[in-house]
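Read through the structure below, which is laid out as structure tokens, and then see the notes.
In the text below, chain A, chain B and the rest are named by the order of the sequence lines, each starting its count at 1. Every heavy atom of this structure was used, including side-chain atoms; hydrogens, water molecules and symmetry mates were not.
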2 protein chains.
Amino acid sequence: GLRLVGIRKSYRIGPVTTEVLRGIDLEVAAGDMMSIMGPSGSGKTTLMNIIGLLDRPDSGNHVLEGRDVSGFDDDALSRLRNAHVGFVFQAFHLLSRLTAAENVCVPLVYRGTRRKEALRRARAMLEQVGMGDRLEHRPDQLSGGQKQRVAIARALVGEPALLLADEPTGALDADTAEETMRLLLELNTGQGVTVLIITHDPTVARRCARRMRIENGRLREQAAFGI
Amino acid sequence: GLRLVGIRKSYRIGPVTTEVLRGIDLEVAAGDMMSIMGPSGSGKTTLMNIIGLLDRPDSGNHVLEGRDVSGFDDDALSRLRNAHVGFVFQAFHLLSRLTAAENVCVPLVYRGTRRKEALRRARAMLEQVGMGDRLEHRPDQLSGGQKQRVAIARALVGEPALLLADEPTGALDADTAEETMRLLLELNTGQGVTVLIITHDPTVARRCARRMRIENGRLREQAAFGI
Ligand SMILES: Nc1ncnc2c1ncn2[C@@H]1O[C@H](COP(=O)(O)OP(=O)(O)OP(=O)(O)O)[C@@H](O)[C@H]1O
Ligand SMILES: Nc1ncnc2c1ncn2[C@@H]1O[C@H](COP(=O)(O)OP(=O)(O)OP(=O)(O)O)[C@@H](O)[C@H]1O
Ligand SMILES: [Mg+2]
Ligand SMILES: [Mg+2]
């Protein structure tokens, strides 16, 4: 699980400071499935980058998998991230010179998995997201939704304890989005993976047991939808 | 308006050929507002790149604003495009070293508009999409939805006769998406702009008077929704 207390983050451009996160408190138990919604520019990606140890808050406490990470140096943060966290970036961030299969291997290569074994697992993961017939395509030879599915496969191939997904269905048609959500739900209920999903799609949020909303830099939990 | 007859397009990677468009026929009258839906990877972006003169089909006829463009060279295609077409790319394609306002100026600079006048029009367009307070931000200082709105402003600033929008609301929350659609509808009904929108969102498609669906490389017009 993870716990955030009083997390603040501002950006400064020249003389102007924009306060984006204004004291975020959040407790996520292991095995939770949680959605985060909020207006464009309200700080969702900023919050997820901090939770995923990709960025540091200006102040506040952050505990991940039982460790207080506020004092960790960059190496310790990336070791903890590589061991526990899978990340689906909003802009996918695929490596343009690698094929789909090679992109999905990247998290395994970081851990020292042998290439043959990494490719086998990458291929299996890409088949699970319906991309078995595009293994050798590079990102510029894939459609928007296909790139997104490669990004999802890369986030899952390392069997992370925590999955952070930033609008994972944004570029997908309704059927493909539904298949993706079924896969994430299966990982959550079947393997106990903790899942945090940023989304603008209410049908995605409705599938999550816990639903948060970010507004004016603060986080509020929403009551469960009337079924 | 525009007319496509028998448009075909295949991609080849090594020994494998993927036939994406298999004989597309499409007639769009000036002032039409049309949506295009279809599964991820079905050829929507490929089709829009051809309609917008950014790519050439393998075969077929293409008439835009009364001209048969099949024989045009690259310079003639880009002159026609810069004069008539506004494009919202699926991946935004903002220039990373320019600010939001400078990015929106680009189509006007191409036409030789003086810098002061271009910046004035860019600022007005960015205010219309709710980005008046981010004029000096560069793309990496904007959120996903904010980048999308800059891309929309850039497509509209040149007052094109034809607007091609590839998932223009994909990164937007419901309220911002609604505001964007209202702006596009106002341009269509108020100024007679022809609008083609690729979308995965049925609430966006429902706002369009004509709705197409692409499947197995062919295009089929959908009957109007029951109101
Ligand atoms: N340069 C390329 N080389 C080979 N195949 C390509 C190339 N570009 C696209 N493709 C393939 O062409 C097909 C159509 O891609 P396109 O981008 O038009 O799909 P799309 O309908 O826009 O999908 P999405 O909704 O995911 O954006 C895909 O299957 C894709 O893999
Ligand atoms: N490097 C930066 N410098 C200055 N401001 C920034 C920077 N990065 C982000 N911002 C600002 O921080 C705010 C939050 O951005 P963030 O990307 O977290 O929004 P978001 O909720 O993910 O929005 P979206 O739904 O559009 O993706 C935005 O208003 C944005 O302009
Ligand atoms: Mg975001
Ligand atoms: Mg596309």
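For the pair B:M181/B:I197, a side-chain contact is recorded, criterion being any heavy-atom separation below 4.5 Å from C-beta on.
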Just distance, no hydrogens or angles: give the donor-acceptor pairs under 3.5 Å from side chains in residues 119-132 of chain A, sequence neighbours left out.
unit_1 : atom_1 : unit_2 : atom_2 : d
A:R120 : NE     : A:E117 : OE1    : 3.3
A:R120 : NH2    : A:E117 : OE2    : 3.3
A:R121 : NH2    : A:V157 : O      : 3.1

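Top candidate by heavy-atom pairs under 4.5 Å with chain B, chosen from A:V16, A:D133, A:T45, A:L172, is A:L172. In terms of heavy-atom pairs under 4.5 angstrom with chain A, the leader among B:R134, B:M37, B:K44, B:R149 is B:R149.
Under the side-chain hydrogen bond (donor to acceptor under 3.5 Å, both in side chains) criterion, B:D173 pairs with B:T176, sequence neighbours left out. With sequence neighbours left out, A:R218 forms a side-chain hydrogen bond (donor to acceptor under 3.5 Å, both in side chains) with no residue at all.
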Test log, rule side chain to side chain contact (heavy atoms under 4.5 Å, CB included), inputs B:Q222 and B:M212: CA-CA 6 Å; B:Q222 311 282 293; B:M212 313 300 278; 5.9 Å; no

Start with the C-alpha distance between A:L54 and A:F89, add both sets of side-chain angles, then the distance that settles side chain to side chain contact (heavy atoms under 4.5 Å, CB included), and finish with yes or no. CA-CA 11 Å; A:L54 289 166; A:F89 297 96; 3.6 Å; yes

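For A:T18, the part sitting under 4.5 Å from any heavy atom of chain B is the side chain, from C-beta outward, and nothing else.
By a heavy-atom distance cut of under 4.5 Å, A:H137, A:Q141, A:S143, A:G144, A:G145, A:Q146 are the residues of residues 137-148 of chain A near chain B, going up by number.
We find that A:R81 and A:D74 are not joined by a salt bridge, their nearest charged nitrogen and carboxylate oxygen being 4.0 Å or further apart.
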